[in-house]
Amino acid sequence: MTSPRSLGPPSLPIHSPTRHYDSWDCMLPGPPSRNNFGSADISPSGLLAFPSGSSVSIIDSRSMQLITSIPMPPPSTTTSSLSPFVTSVRWTPLPLRRDLLTTEPSTSHLHLAAADRQGRIALLDFRLKSPTIWFDTSDYKFGVQDLCWVRSGPDSYFIAAIHGASALSLYSVTTGRCVWKYDASPEYLSCIRFDPFDSRHFCVIGLKGFLLSVQVLGEKENDVVIKELRIGTDCTELQKLERDAAAGSSSPASAIFPLYNAKFSFSPQWRHILFVTFPRELVVFDLQYEAALFSTSLPRGCGKFLDVLPDPNSELLYCPHLDGRLSTWRRKGGEQVHIMSAMEELLPSIGTSVPSPSVLAVVICQSDFILQNVGKLCSDVPHSPDAHSEAAIDTPFDYCDESRHVSSTNLISISDDGKVWNWLVTAEGAEDTQKDGAGVSMSKVPASDSNTDHTCSSTSGGRPPSDLSKLDLSFKISLVGQLQLLSSAVTMLAVPSPSLVATIARGGNDPAVAVPLVALGTQSGTIDVIDVSANSVASSFSVHNSVVRGLRWLGNSRLVSFSYSQVNEKSGGFINRLVVTCLRSGFNRTFRVLQKPERAPIRALRASSSGRYLLILFRDAPVEVWAMTKTPIMLRSLALPFTVLEWTLPTVPRPVKERTTMTPDTVSSSTKASLSDSKAPEGNQDETSESFAFALVNGALGVFEVNGRRIRDFRPKWPSSSFVSSDGLITAMAYRLPHVVMGDRSGNIRWWDVTTGHSSSFNTHREGIRRIKFSPVVPGDHSRGRIAVLFYDNTFSVFDLDSQDPLANSILQHQFPGTLVSELDWLPLRTDRKDPLVLCIAGADSSFRLVEIIVNGKKHGYGPKTVKERFRPVPICSPMLLPTPHALALRMILQLGVKPSWLNMRPQLVSGVSAAGGDLRSHMMDLPPVGDSVVPEMLLKVLEPYRIEGCILDDARAKLYSKLVHKGSALRFAFAAAIFGEWSEAFFWLQLPSALSHLMNMLANKSPQRGRSSASNVDLDEISMLNRISSKGKSMPRTGKKESFGQGHLMAMAFKEEDLWESASERITWHEKLDGEEDIQNRVHELVSVGNLEAAVSILLSTSPESSYFYANALRAVALSSAVSRSLLELAVKVVAANMVRSDRSLSGTHLLCAVGRYQEACSQLQDAGCWTDAATLAATHLKGSDYARVLLRWANHVFHSEHNIWRALILYVTAGALQEALAALRDLQQPDTAAMFIVACREIHSEFISNFENSDDESDSHALKKELVKLPGLDPANDDVIAVGEYYGQYQRKLVHLCMDSLPYSD
């Protein structure tokens, strides 16, 4: 079904220029919707990305703060070109690059793939806030359903994308071009995921149960191998939806069927296992057997499945539902059967609007479970005498004191009301269950006295606790964090511009001050108050039940808003709702409440600068004037045909000698900023009166003055009669003494000085004018006539009326990039003429943005931002966001070991100098004999600004580091890798002590399997095999140590014989009910691999004579049954086996080799056939010592060179005794720091092993053997490769120091 494609040059440039808009840094996105297809992705370092309309929001999942928003640029630069909805986002799997000696520092670890409804795919750079690569998607015009990263080489990746309903494509990240295409018509492809056990493999699921398995073996089209499968599911509802949908639509599945989902996830514990959810069905599917192992339907009353999320640490499934609930499913012990155990609400009923918002996406935090594993192992390592009392600090990653705690998982849900919820799901066992010892808690890791390894729990190789199902668990969900973004589409925007006569809300004579707040009215009836200094929603008020149609500030702490609803179409009456909202108390007070509907709806509100007066404009009724006291009072009505009217804005205060100039700090703090020392405003009005200008339907102009209950004519000096236009109705106005500026529906702008009568006009040659806003002015400002104009086509311009030619000198912006402008106003925080001019813009895409206008003499335009640093209530502790050299410096410091006192030291600045002072080397632990000893001190100086700001590690991670820093280098290395989201490397360091101890035990002829394999192990194995047959092949009971170790992804790092054997044994029971002929062949193969020959013979003899496998099965049954005697059949069976291998795809020859004891050759044949795990399982069952190591070494070479999984390969190299090959692999990948730390960790573990070995009382250990073990094979200090690694690491350190000195600290 693949179709070749000739790769020609793309029609558009692939690499996007690095042009970007700094103003986008200050942007709040609108709420996500179903048009974003429920996409969300969280990186292993804890950065959450999800689409919000046409932009991508990035959030720190730990502090729940918005970091930035990146808008997708429009498809073209034309005026009508708008940015489409973003439909899919995926973080790059690339880690922090460390090859500083060959390349420049890269930000590739912060790249994000994003796709939209027009089929475009871009690679976004977090640093640049813009695309760096546009992929050539010219062959597709339909939207992208889903994205996935797939490895195609050691350092190269593809982007897999679902276009439209049924097209699948692979794009090269290097060239940006499509290299492979597939058409699955008439299927509806829904979801795409990569395999955590093999990053070259991914699967795609369709709504009708179609499953496509794809393996990428290289970078060419012919290197892509596919397999088409089918999962049985009920498609009755889908067929009905198809009939109702548009015929022949090629839109993505989520666009055609927004409430019909098919999702799946790979199991993090078991290879080849998929968890699939259809709308009302949960299926467990085995890719190896190509069959469903388990299927269940949802009970009545449960909403449809939205997604399926396997717990990384335990065998639990979390399934969000469309109705906003979350179900938890537990696996039944020994089977792939899952039972619903709990149902929780993801949308609390308290405080939610009606109708209730919808949950769009749920993700699992991957960063926490890695550190939980580190914390569990840390609690198991004996305390060091140097740790003092710091190790006794409780952390969220250490659960050893929780007797009932079993597991905890962080989930993040995203709802369409702009809220991001952080949930903690905990599982707790009953107290009596814990005491009886029926199962061991995942969180409680008892130390074993007989084990001398650094990480005694890691010897289990990551086996999940299968006895978890025996525990009587209770599940609890807790809300631990929330982030509020904009709640709905923005309809109104208001900024506070209190005049000097405005007073604070609670009375008194203190003047109101300008506050860094902006109020937004939304379509849902809520009012969101934005703190522009923090770029966040400070508060959200649910005020109206319908659209907010008008919004104004009353001073700086109260808001007045209105909405209306029509009673019925026949009578045409309206119910107007006016509300005053107090920001301090959050209380909403309605006023002007009438008993009956009115004939006319409210058209607009106009509040005076002081907040004392309010004008209410009706559609066809007199204007009402209200005094906004504690209880608003209507003063009078004005029965004039007004078209527009505006109150005067605050005027420029006259400078005085002792005037205090406001600093940026005082602007951001409403408690300190004050203009109380200013004199009365300019103009011919007294302190308590305020005026407003207006225009009538006939074009007449006027100015009224309001003083208490008295309203009188201002008596301005009128302009000439020619000023009044007969063809253009005035649609917008702005008023600040002495200037009145008007705009009409023909695009003309007129301004008039009410004190002198001077006037002027010009034509903008645009459509009608909707809004005119005066820019804020300060003493010494050279221009008081700068205005922002919003046109009816949702574009805007900025004009300077003091210039000779305002049109020629205008800052014309036909369109804000990618969106139209629905509302705008100036940010009124300008207190000095050097301060920038900032526009607040509400986009048609529901976003809120700040745009800085640069005015420098003759030059106008958009320029770099000079706004002060963003305020953060809590520091963002995300080392991944630091500049690459500084991030690498922190990584190195954590690896080498810094004393916890350096992290816990509170900043105390005196005259700008840190109170720490002194020799920074005193903060480091005893440095290892590798690299330059001066470098750590220089790196600590570089990191000092981050430490002072408290944004290196949060308290929980700092406490965890203080517990493990004295407990071995491997734990420190694992912690450093986990902090930067490199979980594969972290698991490598966690497994390294166990792997190296396994190697040393093998060299010392002290096999850890000695307890299971004694001199009489043949008889014991036969008895155990008979027991397994009688118990339907279930594996032996695990020890408490293995049950307690629940690190799911560590399953991929298993290397010990008992781990591989137990893993294979447990899978056997899942397939007992599969009776197909191919299934029987696979079951026999599994039984032979684990040495259960009796069960294999039983299955073979039950083959029907009509089966095509009858003779082959009979021959294998005879050979296997005679395996106990080892007769002269050996030679004949060997010949038959060789012939069968050449002609039989079922690997029957391998089984015959096992029957005659040729296990080494059988393993080689399995590896030749690509069955690497089966070969390792067979070797773990039957081979020992160097024979077993030989199998592992060949497997390691395959994993490294073919699967490109460096960390899995390193563990296999170490277990096989090939330490030199492991070192060479790290050097080939240009990771000098990891290679040096590998040597350090191995020497430390080896030294402790020798120390324990010398203290052993075993008399059989000869002195010669002890002398032989003193040298670590392949890592001798005199080894040339080891010396080269040390020198290379020193060069790396020096280059890193230079790069750190040249890089500016990252500032938010």
Side-chain angles (χ1 to χ4, degrees), residues 20 24-25 27-33 35-73 83-96 107-117 120-133 144-149 157 159 161 173 191-194 307 309 359-368 410-416 418-422 481 483 485-486 535 845 847 876 878 880-881 980-981 1308:
H20 65 286
W24 288 356
D25 287 340
M27 170 183 171
L28 272 177
S33 66
N35 290 317
N36 298 118
F37 293 177
S39 178
D41 191 36
I42 189 166
S43 70
S45 59
L47 298 178
L48 172 66
F50 63 92
S52 301
S54 58
S55 61
V56 179
S57 302
I58 299 177
I59 289 172
D60 176 38
S61 63
R62 297 187 60 79
S63 63
M64 294 301 289
Q65 296 184 78
L66 177 68
I67 298 176
T68 189
S69 292
I70 307 176
M72 280 284 276
S83 295
F85 288 104
V86 178
T87 57
S88 185
V89 291
R90 285 289 178 267
W91 283 106
T92 175
L94 289 172
L96 190 67
T107 59
S108 58
H109 58 284
L110 291 175
H111 284 175
L112 182 73
D116 61 25
R117 282 293 295 269
R120 301 181 306 157
I121 304 175
L123 200 61
L124 304 178
D125 190 309
F126 172 84
R127 290 271 183 258
L128 300 179
K129 310 292 189 297
S130 66
T132 58
I133 295 179
V144 175
Q145 170 72 20
D146 204 359
L147 293 176
C148 180
W149 290 76
Y157 280 86
I159 295 287
V173 176
C191 178
I192 180 170
R193 296 287 184 268
F194 76 94
D307 204 346
L309 308 170
V359 173
L360 300 178
V362 182
V363 295
I364 262 186
C365 290
Q366 301 287 336
S367 58
D368 289 340
N410 272 92
L411 299 175
I412 294 182
S413 62
I414 303 168
S415 53
D416 60 1
K419 290 186 174 69
V420 183
W421 313 72
N422 189 359
L483 174 65
L485 301 178
L486 298 184
N535 193 37
D845 60 350
S847 64
I876 293 182
S878 181
M880 204 72 167
L881 299 180
F980 287 92
D1308 192 29

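Taking the side-chain contact (heavy atoms from CB on, under 4.5 Å) definition, one finds that Ser108 meets it with Leu94, Arg97, Ser106, His111, sequence neighbours left out. Residues meeting the salt bridge (charged side-chain N to carboxylate O under 4.0 Å, His left out) test with Asp307, sequence neighbours left out: none. Applying the side-chain contact (heavy atoms from CB on, under 4.5 Å) criterion to Asp416, with sequence neighbours excluded, gives Pro357, Ser358, Leu360. Remark: Ser39 engages no residue in a side chain to side chain donor-acceptor pair (under 3.5 Å) (not counting sequence neighbours). For Pro44, the side-chain contact (heavy atoms from CB on, under 4.5 Å) partners two or more places apart in sequence, or in a different chain, are Trp983. Residues satisfying the side chain to side chain donor-acceptor pair (under 3.5 Å) test with Ser878, not counting sequence neighbours, are none. A search for side chain to side chain donor-acceptor pair (under 3.5 Å) contacts involving Ser57 returns Ser52, not counting sequence neighbours. Evaluation of the side chain to side chain donor-acceptor pair (under 3.5 Å) rule for Arg117 yields no partner, not counting sequence neighbours.
The side-chain contact (heavy atoms from CB on, under 4.5 Å) test with Ile59 is passed by exactly one of Asn422, Leu66, Thr68: Leu66.
Among pairs with a residue in residues 38-51, none fulfils salt bridge (Lys or Arg N to Asp or Glu O under 4.0 Å), at least two apart in sequence or across chains.
Taking both residues in full, the closest heavy atoms of Ala49 and Val89 are given as O-CG2, 3.6 Å, listed atom of the first, atom of the second, then distance.
Heavy atoms from other residues, nucleotides or ligands lying under 6.0 Å from CZ of Phe194 number 12 at most.
For the residue pair Asp845 and Ser83, no side-chain donor N or O sits within less than 3.5 Å of a side-chain acceptor on the partner.
A distance of 9.0 Å separates CZ of Arg90 from CD1 of Ile192, quoted to the nearest 0.5 Å.
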